[in-house]
Amino acid sequence: MNNHADPLLSVPEVAELLGTSERFPRRLVAERRIRYVKVGRHVRIPRSALDAYVAARTVEPVRQPLSRFRSGYRLGA
């Protein structure tokens, strides 16, 4: 495995990328909700695991049909 292609991120780095406290990625690891690597006593999260976690939890917007009042129909014209 090429370490440059899939860097291992520390918990503080993951928290910064997610915009959360360090507690959140630590909880993901403790609950085994994200793939991680133990390096001695240190926990590292592969960038690909973080990307997969975010992709799996991304919610796409639902496109709402435009109402007749927004489709160019003018009242009183």
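- Across every non-hydrogen atom of V11 and E22, the tightest pair is CG1-O, 3.7 Å.
- Checked by atom type and distance alone, the side chain of D6 never pairs as donor or acceptor with a backbone atom of P46 at under 3.5 Å.
- Contact between S21 and P25 at its shortest, heavy atoms only, is O-CD, 3.1 Å.
- In this structure, CG in L8 is found 12.5 Å from NE2 in H42, a value given to the nearest 0.5 Å.
- Using a 4.5 Å heavy-atom threshold, the side chains of S48 and R35 count as touching.
- Between R41 and K38, the closest heavy-atom pair is O-NZ, 4.1 Å.
- L50 and V37 are not part of a single hydrophobic cluster, where members link through side-chain heavy atoms under 4.5 Å apart.
- Among L9, I34, L28, V29, the one residue that satisfies the side-chain contact (heavy atoms from CB on, under 4.5 Å) test with V14 is L9.
- Across all their heavy atoms, R57 and R33 have their closest contact at NH2-O, 4.3 Å.
- For the pair R47 and L17, the tightest heavy-atom approach, listed with the atom from each and the gap, is NH1-CD1, 3.4 Å.
- Cluster annotation: L18 and Y36 are assigned to the same hydrophobic cluster (Ile/Leu/Val/Met/Phe/Trp/Tyr, side-chain heavy-atom contacts under 4.5 Å, transitive).
- Annotation for E16: atom CD does not count as buried by contact number, only 12 or fewer foreign heavy atoms lying within 6.0 Å.
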